[in-house]
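Report on one structure; see the data block that follows.
In what follows, every chain begins at residue 1, and chains take the letters A, B, ... in the order their sequences are listed.
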Amino acid sequence: MDPGDSLLAAASDLDALLQALRRRGYTLLGPRLRDGAVVMDELERASDLPVGWSDEQDGGRYRVQRRPDGALFGYAAPLTAWKRWLNPPEAVVWQGRRVKGGFAAVDEAVPVPRQAFVGVRACDLAALQVRDRVFLGGPFVDSAYRARREATFVLAANCTSPAGTCFCASTGTGPACGEGYDLLLTEIVSDGRHELLVEIGSERGAEVAGELPQRRAEPADLAEAHALVEAAAGRMGRVLESEGLRERLQRSYESPRFDEVAKRCLACGNCTMVCPTCFCATLTDATDITAERAWRRATWDSCFSQEFSYVHGGSVRTSGGARYRQWLTHKLLTWHDQFGTSGCVGCGRCITWCPVGIDITEEARALGRGEAQGRRA
Amino acid sequence: MTIQTFEKVLAEHPFFRDLHGPQLDTVVGCVANTSFAPGEFVFREGEAADRFYLVREGKVAVEVFVPNKGPVTIETIEGGEVLGWSWLFAPYRARFDARALTAVRALSLDGACLRAKCEKDPALGYELLKRFTEVVVSRLEATRMQLLDLYGRD
Amino acid sequence: MVATDPAASTVAGASALLAGPMQPDPFEVRQVAKETGDTFTMTLAPIAGVAPRPFAPGQFNMLYVFGVGEVPISISGDPARPEQLVHTIRAVGATTRALQRLRKGDWVGVRGPFGTAWPVGEAHGRDVVLIAGGIGLAPLRPAIYHVLLHRALYGRVVVLYGARTPHDMLYPKQLRDLRSRFDVEVEVSVDRATADWQGAVGVVTKLVQRSPFEPQSAHAFICGPEVMIRYAAIALEQRGMSDDAIFVSMERNMKCAVGLCGHCQFGPFFVCKDGPVFRYDRIKGYFGMREV
């Protein structure tokens with residue numbers, strides 16, 4: 001089997017695939033049901049997945065519900081994304097110790113374990129590509145990110161059950177997975193039939209897929225899988241109106257709409273925590289109590305915090321409206337200038353997990369269009 | 001200096017640029033050449049403001065005398081700039097001290113005379129008012145910036 | 001939990017995480033000199049075995065005090081002599097106050113140089129107008145050094161400096177030396193005078209109006225508080241300068257200095273790598289907007 005080939009496997013064969021990965025030293029990471037939500041966690045076997053569960057998502061609303069079938073991937077975007085395993089919420093980026101006359105760096109070996117992302121959806125797969133551009137595509141490369149990324153096996157899964165806040169179809173990032181997977185699964189569940197189309201995306205993926213029964217997929221299987229994903233594209237809960245969006249946003253910097261949103265926005269930063277592309281981090285320096293050892297840590301940060309834009313004398317963005325504007329314009333507008341693509345992959349998490357249900361698609365639709373003239377305060 | 005030279009000097013001074021014909025002649029009739037030695041007062045606060053000056057060369061400090069502090073310079077006026085506007089507005093008294101910091105050469109204009117001429121010739125009055133308003137506005141803008149204390153601690 | 005895997009890859013060392021740009025190199029304090037009030041100038045030299053870091057005028061370093069923190073500071077020394085790394089710093093926070101307490105022989109971690117530079121090459125054959133406000137003279141000083149070292153390559157060279165009061169002027173001796181040269185015009189103005197001040201009193205933008213440079217063939221470099229930059233740029237445009245010949249130095253919150261942490265964003269730009277020196281026409285639109 002080579003990249004580009006496809007296998008048809010029984011759904012029950014998924015565990016064999018997962019154990020094959022474990023035998024190769026990969027820690028399995030993926031969705032599981034916990035505390036009434038589908039969250040990302042460590043897995044040990046296929047049955048750890050939220051088998052037979054689906055989700056209902058809307059602005060500020062999330063519920064899981066039982067499915068009539070035993071689908072392995074019958075839900076949409078889990079609570080968090082994969083970024084915590086590529087850019088940990090807290091990581092040491094430099095260590096030093098005092099030496100006579102000054103200080104020296106501490107060179108400590110840091111293991112980077114192999115990890116397999118199980119069930120990566122199209123939106124999250126696209127988000128990985130977006131993060132790659134940020135951390136690997138600029139003048140400075142994050143070598144820790146690169147090491148973790150290279151140690152990551154991507155077992156992607158096409159979406160067949162989008163949720164109410166999904167809009168990957170209108171961002172061009174789903175529901176069919178784009179490039180970047182080692183293996184891609186499409187689940188086919190119908191009367192009496194529960195199978196997985198397994199598409200091979202890399203040499204590494206081909207090698208692991210070699211442990212499955214080598215049953216080539218027929219054109220009919222490919223067509224059926226394709227049809228399921230196509231159907232999903234038609235069941236998106238939301239739409240991002242991308243037509244002319246950049247021009248409209250560029251014109252809207254002083255729109256009073258941002259102050260309107262600010263009346264509801266709590267600046268809690270949930271959106272930035274759950275967003276798979278948000279990457280802002282802060283650096284803090286600390287010592288141990290003897291002041292002999294020092295560490296510099298990178299921790300996740302959010303542009304919604306007051307201190308984020310602090311320069312001597314005060315913060316640049318103090319009003320809630322200005323901070324919401326920063327997040328929205330970065331995600332949908334200036335990301336293009338900085339990295340050549342949109343920063344939004346249409347996963348909808350920011351809508352679901354916003355306590356007050358602020359909807360990025362609704363804001364994008366309203367800005368720069370048919371609203372009252374005037375400048376924000 | 002001959003009248004003709006005055007005309008030329010006035011016309012070249014930024015303040016009177018584009019003033020022509022009879023209006024320029026009227027103004028020229030009120031001009032005199034003057035100079036000040038370093039340290040000499042051009043005018044004092046409270047004095048009747050009968051004259052104003054077009055500085056040609058040198059530097060003049062506009063000052064306020066603050067008790068216990070002494071004279072505080074709030075602005076310096078140099079060549080090409082206009083000094084004194086109180087002649088145009090009642091009660092026609094100088095509001096600040098003006099003192100030459102260096103040797104100063106200036107054209108001094110008889111404000112009282114010009115006021116009378118402006119009453120008779122509103123068009124001339126309008127021209128002068130336009131120009132002085134511009135001066136006052138730009139001084140106000142500059143003063144506001146100075147007030148911001150941009151380089152201060154915060 | 002999965003047993004430790006024999007095939008797990010290993011990163012070379014903590015110092016290799018992010019490697020190069022995140023690694024502070026130790027420099028030694030050679031001198032700390034008070035300038036005015038809370039401002040001081042620190043001269044650093046690389047310790048034995050560490051190479052000097054050449055820099056371009058306008059760039060900045062991240063200075064690290066062991067265990068305390070790191071701050072971005074513009075380099076204010078002579079780019080032709082990088083073995084003496086000079087920074088003029090204002091002591092306003094924990095790290096800058098810690099820097100102020102350092103003495104000769106203490107070590108400072110240096111990362112950099114980062115950022116874009118004043119386009120001293122592009123200005124060849126043209127007049128150069130350097131406009132500084134307050135501590136803004138520090139990031140401009142390397143450009144002044146460079147231009148004077150290659151004086152014949154430039155037309156008129158004008159330095160316009162605005163300070164709060166005569167006591168708040170940076171580098172007063174150097175300014176006096178500059179003034180005494182016949183090939184540089186130096187004009188200084190203060191917002192508030194002291195009793196003995198015989199110089200100009202007023203905003204630095206007023207100096208722009210009367211300065212002897214040719215607007216059609218000049219490059220202007222502006223550095224100072226953002227409000228001052230705004231008004232100075234307007235004054236230059238009123239003189240007839242085109243906005244693609246005006247360059248300004250911006251400031252935003254900086255952490256990583258390498259464009260990976262997101263803090264220093266200014267509209268679409270990262271001040272740490274797209275700036276701090278920007279051509280004015282590129283950022284003009286964002287300048288007029290609040291809280292960008």
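The cationic group of A:Arg114 lies under 6.0 Å from the six-membered ring centre of A:Tyr26 and within 45° of the ring axis, placing it in a cation-pi geometry. C:Phe270 does not carry C:Arg252 over the face of its six-membered ring by the limits of under 6.0 Å from the centre and within 45° of the normal.
Note: C:Phe269 and C:Phe278 meet the aromatic proximity criterion, with ring centroids under 6.0 Å apart. For C:Tyr64 and A:Trp94, the gap between ring centers is short of 6.0 Å.
Options A:Phe308, A:Tyr310, A:Trp335 differ in how many heavy-atom pairs under 4.5 Å they form with chain C, and the most are formed by A:Phe308. Taking chain A as the reference chain and counting heavy-atom pairs below 4.5 Å, the highest number among C:His263, C:Lys273, C:Lys255 is found for C:His263. The greatest number of non-hydrogen atom pairs below 4.5 Å with chain A, out of C:Gly267, C:Cys261, C:Gly262, is found for C:Cys261. Between chain C and the residues A:Val134, A:Thr318, A:Asp288, the largest count of heavy-atom pairs under 4.5 Å involves A:Thr318. When each of A:Ala91, A:Gly138, A:Ala281 is checked for heavy-atom pairs under 4.5 Å with chain C, A:Ala281 comes out on top. Comparing A:Val316, A:Asp337, A:Thr282 by heavy-atom pairs within less than 4.5 Å of chain C, the highest count is held by A:Val316.
At a 4.5 Å heavy-atom cutoff, the contact between C:Gln265 and chain A is made by backbone and side-chain atoms alike. For chain A, no part of C:Phe266 is nearby; none of its heavy atoms comes within less than 4.5 Å. In this structure, no portion of A:Arg131 lies under 4.5 Å from any heavy atom of chain C. At a 4.5 Å heavy-atom cutoff, A:Gln115 makes no contact with chain C through either its backbone or its side chain. The contact between C:Val292 and chain A is made by backbone and side chain atoms together, counting heavy-atom distances below 4.5 Å. Within the 4.5 angstrom heavy-atom criterion, only side-chain atoms of C:Phe114, from C-beta onward, approach chain A. Of the atoms belonging to C:Glu70, heavy atoms from both backbone and side chain fall under 4.5 Å from chain A. In this structure, chain C has a heavy atom under 4.5 Å from the side chain of A:Asp301, while its backbone stays farther away.
Remark: A:Arg148 does not engage A:Glu150 in a salt bridge, criterion side-chain N to carboxylate O under 4.0 Å. Between A:Glu207 and A:Arg24 there is a salt bridge, since at least one side-chain N of the basic residue sits less than 4.0 Å from a carboxylate O of the acidic one. A salt bridge is defined here as a Lys NZ or Arg NE, NH1 or NH2 lying under 4.0 Å from an Asp or Glu carboxylate O, and A:Asp285 with A:Arg296 meets this definition.
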Chi angles and distances behind the ring pair (Phe, Tyr, Trp, His ring centres under 6.0 Å) call for A:Tyr253, C:Tyr286 | CA-CA 9 Å; A:Tyr253 266 86; C:Tyr286 298 101; 5.6 Å; yes
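Residues A:Gln338 and A:His330 bring a donor and an acceptor atom of their side chains to less than 3.5 Å of each other.
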